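Data first, discussion second: the structure below is written as structure tokens.
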2 protein chains.
Amino acid sequence: MKNIDSIPKATIERLPLYYRCLDKLLTFENIEVISSKELGGRLGIPSTQVRKDLSYYGEFGRRGVGYDVHDLKKSIGKILGVNKTWPAVLIGAGNLGRALVNYEGFEKMGLKITNVLDVDLDKIGNRIGPITVESMKDLDKVVEEGNINLGIITVPASAAQEVADKLVRAGIKAIWNFAPTRIVVPDEIVVRNEDLAVGIVSLIYHLSWQDKLDA
Amino acid sequence: MKNIDSIPKATIERLPLYYRCLDKLLTFENIEVISSKELGGRLGIPSTQVRKDLSYYGEFGRRGVGYDVHDLKKSIGKILGVNKTWPAVLIGAGNLGRALVNYEGFEKMGLKITNVLDVDLDKIGNRIGPITVESMKDLDKVVEEGNINLGIITVPASAAQEVADKLVRAGIKAIWNFAPTRIVVPDEIVVRNEDLAVGIVSLIYHLSWQDKLDA
DNA sequence: TAGATTGTTAATCGATTAACAATC
DNA sequence: TAGATTGTTAATCGATTAACAATC
């Protein structure tokens, strides 16, 4: 296997797509063997890209035959770490926070939001699905007792940095940030910004250009 | 200006970040002139990247001085198309749909979700903020009367393709797809997949590797 | 064996970064 | 003028795609 740092980020983003597709093949279609061409075809990815992505981690197929769906799913699951369950604490019990807690499909990817925290006294004590919203003051205790490495930020942009600081101090190792602002954390903390406003603007950009060209 | 197709996708993703930062500078910090170094610094982007990104669209700065914050914000707003308001129809009045309707910060980016549709009779008629959930049967009428070019899919994966087909038939030109599945549409339709499960897996991947290396 | 498909090397393509003349 | 900063060209870096030997 290659050094982990030399693997393209884009490859890591495609592995979950392969994983989910294989799961679907296994669960709903009873397909046992698949070629890189067929797997890629279902995802709009060239077969050569599929093979290259997998090659960073080892040899998983049989020449002339293809990949065993069950085996490959298991292998990719191990590579990604989704074969385990990763507990997470979510900060910010607003609409988006509630949506994430109730989102189906995280479980299959190894994510389990176990605790939801907020500073708002009106929200503390409320239930979201099976979870009761706790006070932000309990953060350190929750993270320690739950052995939690993963924090999810769904507070307004103005509060995001403060929450990030608290998560880091509590011992969190990775942060999924939905607040539309950059958060600054120590180098060893992994951050992913899920900036919804950026997503919509790239669509608006294309629409706007069509308009300009039409006119 | 360069041909629109020759501009890197990554550049288009960074423009909204510049735009939002300039807005913040203008609104909260009363800063009138900014250098590419300072603007980039606030976003974790090299100054040379900032200048390169802008250069695809023209010359916006003054050598030896920097960029006028107000002017640059206006220019980027025009480039992105966020100087206008783009009405959108959202399909799927679940948790995520509700969260998006209530999301602050889309308005500043030119997005206005004007209609929410669902097939579920229990949901039709419910209110989400200022919007009343309508029947999916009204899609064609809603799109035509509202002059809507933008559709947002927040239904389960199993229904996403069918919804996409209906949106295309109704005359939608761009689709923001939150369902964790690939949707197939004609070439001229712009699609952006906002696949939340992929986002979390890239974090889990890094956590998992730290674990493996520690052990 | 003939056809199919992998895994990998080499070529291509695209995006970022460095360097610097232009100029405020 | 001296210092600062842009806009752009060239160099570098990284990711994708093409080609093909290996092999089922």
Side-chain angles (χ1 to χ4, degrees), chain A residues 1-18 21-22 25 31-73 75-76 79 198 202 205, chain B residues 1-18 21-22 25 31-73 75-76 79 198 202 205:
Chain A
M1 223 231 337
K2 289 281 169 60
N3 179 314
I4 188 180
D5 293 322
S6 71
I7 297 168
K9 287 188 196 87
T11 290
I12 298 161
E13 307 264 296
R14 281 186 296 265
L15 291 177
L17 303 179
Y18 303 149
C21 188
L22 292 164
L25 287 166
I31 292 173
E32 288 178 5
V33 175
I34 194 167
S35 69
S36 57
K37 197 176 166 202
E38 168 70 10
L39 178 57
R42 287 171 179 252
L43 298 162
I45 295 170
S47 67
T48 180
Q49 179 89 78
V50 174
R51 297 202 298 283
K52 177 108 254 222
D53 284 341
L54 296 174
S55 77
Y56 289 113
Y57 299 95
E59 304 192 1
F60 303 98
R62 287 219 303 159
R63 287 166 196 239
V65 179
Y67 301 87
D68 181 281
V69 174
H70 179 266
D71 289 354
L72 185 57
K73 188 200 154 194
S75 298
I76 296 179
I79 291 165
V198 170
S202 81
Y205 173 83
Chain B
M1 224 225 343
K2 290 281 170 59
N3 180 313
I4 188 178
D5 292 323
S6 71
I7 297 170
K9 286 188 198 87
T11 290
I12 297 160
E13 307 264 296
R14 280 187 296 263
L15 291 177
L17 303 180
Y18 303 150
C21 188
L22 293 165
L25 287 166
I31 292 175
E32 289 177 3
V33 175
I34 195 168
S35 68
S36 58
K37 197 176 167 201
E38 168 70 10
L39 178 57
R42 286 170 179 254
L43 298 163
I45 295 169
S47 67
T48 178
Q49 179 88 79
V50 173
R51 297 202 299 282
K52 179 107 251 224
D53 285 341
L54 296 174
S55 77
Y56 290 112
Y57 299 95
E59 304 191 2
F60 303 99
R62 287 220 301 160
R63 290 167 194 237
V65 180
Y67 300 88
D68 181 281
V69 174
H70 180 266
D71 289 356
L72 185 58
K73 187 199 154 193
S75 298
I76 296 179
I79 291 165
V198 170
S202 81
Y205 173 82

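Given the structure is predicted, the values throughout are model-derived calculations rather than measurements. The analysis underlying the following values was restricted to heavy atoms, covering all of them including side chains, and did not include hydrogens, waters or symmetry mates. Proteins get letters first, then strands, A, B, ... in listed order; numbering begins at 1 in each.
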(request) Taking only heavy atoms on the protein side, list every residue of residues 65-73 of chain B lying under 4.0 Å from any atom of DNA chain D, sorted numerically. (result) B:V65, B:G66, B:Y67
(message) Can you list everything that forms a side-chain contact (heavy atoms from CB on, under 4.5 Å) with B:S75? Sequence neighbours excluded, please.
(response) B:F60
(request) Kindly compute the distance separating CG (A:L17) from CG (A:L43), expressed to the nearest 0.5 Å. (result) 6.0 Å
(request) Find out whether A:Y56 and A:P8 are in side-chain contact, i.e. whether some heavy atom of one side chain is under 4.5 Å from a heavy atom of the other. (result) yes
(request) Find out whether A:L54 and A:I76 are in side-chain contact, i.e. whether some heavy atom of one side chain is under 4.5 Å from a heavy atom of the other. (result) yes
(message) Distance check, rounded to the nearest 0.5 Å: B:K37 atom NZ versus B:I45 atom CD1?
(response) 16.0 Å
(request) Mind checking the OH-CG spacing from B:Y18 to B:L72? Nearest 0.5 Å is all I need. (result) 10.0 Å
(request) With axes from five pairs an end, tell me the bend angle of the helix from C:dG3-D:dC24 to C:dC24-D:dG3, nearest 10°. (result) 10°
(request) For residues A:G40 and A:V50, report the shortest heavy-atom separation together with the two atoms involved. (result) CA-CG2, 3.8 Å
(message) The criterion is salt bridge (charged side-chain N to carboxylate O under 4.0 Å, His left out); which residues satisfy it with A:R51, sequence neighbours excluded?
(response) none
(request) Send over the distance from A:D53 CG to D:dT17 P, rounded to a whole Å. (result) 11 Å
(message) According to side-chain hydrogen bond (donor to acceptor under 3.5 Å, both in side chains), does anything in residues 58-67 of chain A pair up with another residue at least two apart or in another chain? List the pairs.
(response) none
(request) Sequence neighbours left out, what passes salt bridge (charged side-chain N to carboxylate O under 4.0 Å, His left out) with A:E13? Give chain and number order. (result) A:R192
(request) Could you tell me whether the side chain of A:R14 reaches within less than 4.5 Å of the side chain of A:D53, counting heavy atoms only? (result) yes
(request) Not counting sequence neighbours, which residues clear salt bridge (charged side-chain N to carboxylate O under 4.0 Å, His left out) with A:E38? List them please. (result) A:R42
(request) Specify the separation, in whole Å, of atom CZ of B:R62 and atom C1' of D:dG3. (result) 15 Å
(message) For DNA chain D, which residues of residues 35-47 of chain B approach it to below 4.0 angstrom with any heavy atom?
(response) B:S35, B:S36
(message) Quick check for you: to the nearest 0.5 Å, what is the distance between B:I34 atom CD1 and B:L25 atom CG?
(response) 4.5 Å
Would you list the protein and nucleotides 8-15 of chain D atom pairs, both N or O, that sit under 3.5 Å from each other?
from  : atom 1 : to    : atom 2 : distance (Å)
D:dT8 : OP1    : B:E59 : OE2    : 3.4

